[in-house]
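Small disclaimer: the values here were computed from a predicted structure and weren't measured.
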Amino acid sequence: MQCDLEPMKLAAYLDGEVPEAQAAAVRSHIAGCPACAAEVAEIVSLKRSLLEARGHFVPRAELRARVMRQQMAAKKKARMMPNWLWPALATVAAMLMISVAWMHYSQRADALSEVADLHVNMLSSANPVDVVSTDRHTVKPWFAGRIPFAFNVPEFAGSDFALLGGKVAYFDQQPGAQLLVSMKQHKISVLIFKESPEMSRTFAASKSTEARNGFEMETWSSGGLRFVVTGDTEPASITKLAGMLRQVNP
């Protein structure tokens with residue numbers, strides 16, 4: 001069977017550039033099209049490789065110290081500058097502040113896109129989880145020794161949710177847990193990573209709940225861990241599942 005979905009549509013969908021009305025149709029198509037599912041997995045892998053490579057080029061401490069010394073020297077010279085230069089300096093300072101703000105926004109957007117990619121990659125995979133079980137007492141112990149932290153899984157019996165399993169996922173080159181939870185026809189990812197200063201700064205500007213790439217997301221930090229819940233269901237369901245996780249991971 002030949003696929004009639006345009007290749008650029010998949011890339012636009014993963015970049016969050018497809019309207020929500022069309023995004024739902026694309027998700028449905030990926031779920032039933034092995035060729036597109038494989039293409040999505042390849043695109044997600046490429047995007048993650050690029051993000052990881054970008055993190056390798058970080059200014060060294062020596063460079064940062066030299067910049068600081070230059071900034072201090074510039075402040076000393078500024079005391080002797082004529083008054084007519086101050087408006088120009090103020091403009092430059094404002095532009096720098098905007099640049100820094102945009103950098104933080106870009107980092108946050110990249111982080112949220114990466115989370116969405118992890119969820120899409122799980123949905124498009126022929127084997128979405130490595131441990132298949134609806135029993136939290138089976139899924140939680142499976143992660144022991146595979147990730148450098150422990151977490152609790154809520155009891156889903158009697159709720160609107162059902163645990164399907166889990167796998168090890170990587171964010172910013174750090175291993176974490178990714179649980180797959182179902183709610184009726186919807187699939188929801190629960191991602192848990194060890195909180196770090198870099199991760200805290202990245203998500204600091206994030207709203208507790210927001211939409212990204214057609215998925216609702218809720219993120220918070222608790223007990224030294226970073227939690228992200230994401231799926232294509234309504235925000236109220238994401239918040240409800242997040243609440244259950246918060247209760248058992250205070």
Side-chain angles (χ1 to χ4, degrees), residues 13-16 18-20 23-24 27 44 48 51 104-123 128-129 136 139-140 143 147 149-156 158-172 174-250:
Y13 166 71
L14 291 174
D15 289 337
V18 176
E20 176 54 31
R27 282 195 295 270
V44 169
R48 289 179 60 80
L51 286 171
H104 286 305
Y105 172 81
S106 178
Q107 290 175 340
R108 179 182 68 86
D110 286 344
L112 296 180
S113 291
E114 186 172 358
V115 168
D117 289 345
L118 288 171
H119 183 58
V120 171
N121 198 34
M122 174 178 268
L123 295 180
V129 293
R136 60 174 178 161
V139 174
K140 177 185 174 180
F143 285 99
I147 57 176
F149 58 85
F151 62 94
N152 294 317
V153 181
E155 177 57 68
F156 292 118
S159 72
D160 297 330
F161 305 98
L163 179 65
L164 300 180
K167 63 181 291 188
V168 174
Y170 289 84
F171 182 87
D172 196 22
Q174 300 299 319
Q178 183 172 8
L179 306 178
L180 185 59
V181 178
S182 68
M183 193 205 73
K184 298 179 181 179
Q185 301 300 318
H186 301 282
K187 299 294 188 296
I188 304 171
S189 280
V190 175
L191 292 134
I192 310 169
F193 297 96
K194 191 171 183 179
E195 184 78 295
S196 65
E198 294 78 10
M199 189 175 294
S200 180
R201 285 193 296 269
T202 298
F203 286 99
S206 299
K207 301 175 183 177
S208 59
T209 305
E210 60 182 281
R212 186 71 184 176
N213 291 22
F215 298 111
E216 296 295 332
M217 292 187 184
E218 183 160 342
T219 179
W220 71 95
S221 178
S222 177
L225 301 178
R226 168 62 57 176
F227 295 81
V228 184
V229 180
T230 182
D232 63 347
T233 184
E234 64 275 3
S237 297
I238 297 295
T239 299
K240 186 175 181 179
L241 177 56
M244 295 176 67
L245 286 157
R246 281 189 169 102
Q247 286 183 352
V248 296
N249 294 280

Just do the side chain to side chain contact (heavy atoms under 4.5 Å, CB included) check on Ser196 and Gln174 with the steps written out, would you?
CA-CA 10 Å; Ser196 65; Gln174 300 299 319; over 6 Å; no

How long is the straight-line distance from [atom2] of [Y] back to [atom1] of [X], given to the nearest 0.5 Å?
X	Y	atom1	atom2	answer
Ile192	Ile147	CD1	CD1	7.0 Å
Leu241	Phe156	CG	CZ	5.5 Å
Met183	Ile188	CE	CD1	6.0 Å
Tyr170	Gln178	OH	CD	12.5 Å
Ser189	Leu180	OG	CG	6.0 Å

Stepwise side chain to side chain contact (heavy atoms under 4.5 Å, CB included) check, Leu245 with Trp220
CA-CA 11 Å; Leu245 286 157; Trp220 71 95; 3.9 Å; yes

Which heavy atom of [X] sits nearest to which heavy atom of [Y], and what is that distance?
X	Y	result
Ser222	Pro250	OG-C, 2.9 Å
Gly231	Ile238	N-CD1, 3.8 Å
Met244	Phe161	SD-CD1, 3.8 Å

Look only at the side chain of [X] and the backbone of [Y], and say whether a donor-acceptor pair between them is shorter than 3.5 Å.
X	Y	result
Ser221	Arg226	no
Asn249	Asn152	yes
Thr230	Glu216	yes
Ser182	Lys187	no

Assess whether side chain to side chain contact (heavy atoms under 4.5 Å, CB included) is satisfied between Val228 and Phe171, documenting all intermediate values.
CA-CA 11 Å; Val228 184; Phe171 182 87; over 6 Å; no

Can you name the one residue among His119, His186, Gln185 that meets side-chain hydrogen bond (donor to acceptor under 3.5 Å, both in side chains) with Asp232?
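Among the candidates, only His186 passes.
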
Is there a side-chain contact between Val139 and Leu163 (heavy atoms, below 4.5 Å)?
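Touching, per the 4.5 Å side-chain cut-off.
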
List the residues meeting salt bridge (Lys or Arg N to Asp or Glu O under 4.0 Å) with Lys240, not counting sequence neighbours, and say none if there are none.
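By the salt bridge (Lys or Arg N to Asp or Glu O under 4.0 Å) rule, Lys240 matches Asp160.
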
Is there a ring pair (Phe, Tyr, Trp, His ring centres under 6.0 Å) between Phe151 and Phe227? Walk through the geometry before answering.
CA-CA 10 Å; Phe151 62 94; Phe227 295 81; 7.8 Å; no

